[in-house]
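Naming convention: chains lettered A, B, ... in sequence-line order (proteins, then strands); numbering from 1 in each chain.
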Amino acid sequence: MGKAEDIIKALGGAENIDEIEACATRLRTVVNNPAIVDEKALKAAGAFGVLSAGNVLQVIVGGEADGLAMDINDIIE
Amino acid sequence: MALQVLSPMPGRVANLSEVPDPMFAEAMLGPGLAIDPPRSPVTAVAPISGTIASLFPHAMGIEADGYSVLVHLGLETVQLNGEGFTLLKAKGDTVVAGEPVIEWDPSVIEAGGLPVITPLIAIQAEAGQITQLVPDGTQVEAGTAVFEIA
């Protein structure tokens, strides 16, 4: 669960994550406050890249997106 | 040893910069190219031999010997929840390059308003590891070798 926890932290913590789901290769998440998202920490946690548009962030993680989204949802729920 | 990557479908070879999704266009996942398929029912085949490491109605990831290749059928197609796609294999199956994996109809997907251009990506490879074997704009068949990963 280390990676999932690192990503949650980089996204500003569980309370900042409004919604997170997986696509084939990326996590799509809606955050409450995009200003506190730490892109460097996301990359340090293994993200290949981050795309953001307002409150919607895409964290590019490759094929493990599905498993990571499940882990993250387990932790933050 | 270089690994040849096959086109999963017939279509026109396109540069990734033509793909209207920055994750692919900026090669965030890795380098590769895109295939613009015909607007008729097609079967997407495995681009390399290996294990199906990830499988969605609209995407497959095949891994072998440290290589990982992704085929993403159209863009934003995750929102279709599988409608319009038929899986012929399961996650974890072993496939031979050229073996059918997913059936879909780009004309139906396009009629629904989604792009059908299909990125073919060498996940997390360096740009310098890729050699494109056919120029952009070429019409290829399913199974044509389109690039090599060193």
**Request:** Check each atom of B/L70 against the heavy atoms of chain A and say whether the ones under 4.5 Å are side chain, backbone, both or neither.
**Result:** side chain
**Request:** Determine, using the 4.5 Å side-chain heavy-atom cutoff (strictly less than), whether B/L29 and A/V50 are members of one ILVMFWY cluster.
**Result:** no
**Message:** Looking at B/E83, I'd like to know if its CD atom is crowded, meaning that more than 12 non-hydrogen atoms belonging to other residues, nucleotides or ligands lie closer than 6.0 Å.
**Reply:** no
**Request:** Heavy-atom pairs under 4.5 Å with chain B are the metric here; pick the option from A/C23, A/G63, A/A47, A/A65 that has the most.
**Result:** A/C23
**Message:** Taking B/V69 as the starting point, is it possible to reach B/M60 by hopping between hydrophobic residues whose side chains are less than 4.5 Å apart?
**Reply:** yes
**Fill in**
Whatever's closer than 4.5 Å to a heavy atom in chain A on B/E63 counts as neither
**Side chain, backbone, both or neither of B/A59 within contact of chain A (heavy atoms, under 4.5 Å)** = side chain
**Asked** Looking at CD1 of B/I123 and CD1 of B/I62, how far apart are the two atoms once the value is rounded to the nearest 0.5 Å?
**Response** 11.5 Å
